[in-house]
2 protein chains.
Amino acid sequence: MLENLDKIKIEDPVEIIISQIRELIISGAVKPGEKLPPERKLAEKMGVSRNQVREAINKLRFYGIVKVQPQSGTIVTGMGTIALEGLISDILKLEQVDFKSLVATRLLLEKEAARLAALHRTKDDLIQLSNALDRYENKLLESGVAVEEDLLFHIKIAEAGKNTVLKSLMMIITPDIVKSYINLKVCDDKNNRKTIDEHRDILSMIADQNPEGAMEAMNQHLTDVQAFIQ
Amino acid sequence: MLENLDKIKIEDPVEIIISQIRELIISGAVKPGEKLPPERKLAEKMGVSRNQVREAINKLRFYGIVKVQPQSGTIVTGMGTIALEGLISDILKLEQVDFKSLVATRLLLEKEAARLAALHRTKDDLIQLSNALDRYENKLLESGVAVEEDLLFHIKIAEAGKNTVLKSLMMIITPDIVKSYINLKVCDDKNNRKTIDEHRDILSMIADQNPEGAMEAMNQHLTDVQAFIQ
DNA sequence: AAACTATATTTGGTTGACCAATTATTGGTT
DNA sequence: AACCAATAATTGGTCAACCAAATATAGTTT
């Protein structure tokens, strides 16, 4: 009998507050550049504590939707409406990502990162990459699993490419990659040898300053991983 | 005489706290899966208020580095160390992005988005894109500036591509694009006609389901914008 | 001794009051 | 009337005390 009852979705108060503020902005009541009502007023109007309003504003600030000026007010930034369009309810933070999109996007970013690394790597970058690769191999042979070290190597590649934005984006999706990989148990002993070789291939292409080769090596590596998962 | 004095970089307390917690994690004192010391202890040890520790933990939670369990404790997630490597001091949030990296990365994402849109667009997507384009043109001809509407059109393209992660990433860098464009005054009357035509080209390629053409049209469009800036 | 229950402690969350910087208002001076 | 300085009100930031849930501890029973 009890299993007929639907689970009640308890909604986080701050999410409700966010959507209320969102309404204020997209309805045009508060236009970009203007100030939001003060925290106290918002709290009073909505009948909640000021701290909760505060936390909601914090989140909005995090996404760059508003900008707070201490002792003055919080102004909504110009582009706010764009981000808000997507904020409908999926609290951003690329939650609930579908795996296909994730790996496809990763492939795109990683290939470019490898290409750029081949073009712009310095001697110091090569040392860093080599060290990261060593750490990866040691950890893998030792404990059989080295997801983090693996991805750290990839991050180092992005660093060598000298494109800060690309690196940031890779770091943003990395947590989700890790999560997916752990869930799907990517790591398998018989694959270790192969992935190590592939990593070395990538590094050598970068060392040779061969952008197309690096891109292709990365492509090979990731499609291998991809194939293994499916 | 006074201009000889260096500006003192006043560091935000919570950033210091973050780096301290970061030290705890990467030093291995608190391993992934384990609990962080309670907020009160951290506050006492560092000689700061609990609220500041609290805010630091909030930020770490945003980045997915820790996960708080109310009335129990805050555990560090497995992938935390990776993100922390890059968190050294540049407060993430792709602050202080260099413009070159930004436009280069945008080009990469937008081209792929256009390609995917040509492959996967539905009839409804075409309607949405057409509407977005209309809004852009109207706003541009009316007020002479339509940065937001411009980017909203691009976001719609990403949506039509059906790759959620790619869209999220585009939404992440969009605010910085807007900021840069406004600062550099991209919009200019004599360019309006051209950009409108280019937008229409992109849309028609997507409508024709021509992925290579869409990619090339997008490439053309963005390199034009890029050239105008420099 | 083991298992369970009741109590005490610890933990993150919440609240209301206070602080300093900013902004608005007021009164006076030129 | 215009400008300016002094004061009052407002605002986001900070803090210490309190709350309820989760956990650890002690006590009791079997």
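These figures come from a predicted structure and were not determined experimentally. The sequence lines fix the lettering, A, B, ..., with proteins before strands; numbering per chain opens at 1.
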Student: Distance check needed: D/dA22 P versus B/I75 CD1, whole Å only.
Tutor: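 Spelled out: CD1 on B/I75 to P on D/dA22 is 15 Å.
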Student: Could you state the CD-P distance from A/E55 to D/dG12, rounded to the nearest angstrom?
Tutor: 16 Å
Student: Can a salt bridge be assigned to the pair B/E159 and B/K156 using a cut-off of 4.0 Å between side-chain N and carboxylate O?
Tutor: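 Counted as a salt bridge, because a side-chain N and a carboxylate O are separated by less than 4.0 Å.
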Student: Round to a whole Å and report the spacing from CG of A/N51 to P of C/dA17.
Tutor: 13 Å
Student: Report the nucleotide, chosen from C/dT22, D/dA22, C/dT15, that has the shortest atom-to-atom distance to any side-chain atom of B/S72.
Tutor: D/dA22
Student: Considering the options B/R54, B/R61, B/E55, which one meets the side-chain hydrogen bond (donor to acceptor under 3.5 Å, both in side chains) requirement together with B/N58?
Tutor: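 So, applying the side-chain hydrogen bond (donor to acceptor under 3.5 Å, both in side chains) to B/N58 and each of B/R54, B/R61, B/E55, only B/R61 qualifies.
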Student: D/dG12 base to A/R40 side chain: any donor-acceptor pair below 3.5 Å?
Tutor: yes
Student: If I take atom CZ in residue B/R54 and atom C1' in nucleotide D/dT14, what distance separates them, rounded to the nearest angstrom?
Tutor: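 Going from CZ in B/R54 over to C1' in D/dT14 covers 14 Å.
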Student: Closest approach to the side chain of B/T74, judged atom by atom: which nucleotide of C/dG12, D/dA22, C/dT23 is it?
Tutor: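 Ranking C/dG12, D/dA22, C/dT23 by closest atom to the B/T74 side chain puts C/dG12 first.
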Student: Please tell me whether A/N138 and A/R135 have a donor and an acceptor in their side chains that are separated by less than 3.5 angstrom.
Tutor: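 No, A/R135 and A/N138 have no side-chain donor paired with an acceptor closer than 3.5 Å.
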Student: How many Å lie between CD on A/Q52 and C1' on C/dT14, as a whole number?
Tutor: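 In whole Å, C/dT14 C1' and A/Q52 CD are 8 Å from each other.
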Student: Whole angstroms only, please: what is the CG-P distance between B/L36 and C/dT10?
Tutor: 18 Å
Student: To the side chain of A/V68, which of D/dG12, D/dA21, D/dC15 is closest?
Tutor: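 It is D/dG12.
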Student: Could you check how far CD of A/Q71 sits from P of D/dT11, rounded to whole Å?
Tutor: 12 Å
Student: Find the distance A/Q69:CD to C/dA20:C1' and express it as a whole number of Å.
Tutor: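 For the pair A/Q69 CD and C/dA20 C1', the rounded distance is 16 Å.
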Student: From the options C/dG13, D/dG12, C/dT11, select the nucleotide whose nearest atom is closest to the side chain of B/P38.
Tutor: C/dT11
Student: Would you indicate which nucleotide in D/dT14, D/dG13, C/dT11 comes nearest to any side-chain atom of B/K41?
Tutor: C/dT11
Student: Do other residues, nucleotides or ligands put more than 12 heavy atoms under 6.0 Å from A/E34 CD?
Tutor: yes
Student: Could you point out which residue of A/I75, A/V53, A/V76 forms a side-chain contact (heavy atoms from CB on, under 4.5 Å) with A/L36?
Tutor: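 Of the listed residues A/I75, A/V53, A/V76, the side-chain contact (heavy atoms from CB on, under 4.5 Å) partner of A/L36 is A/V76.
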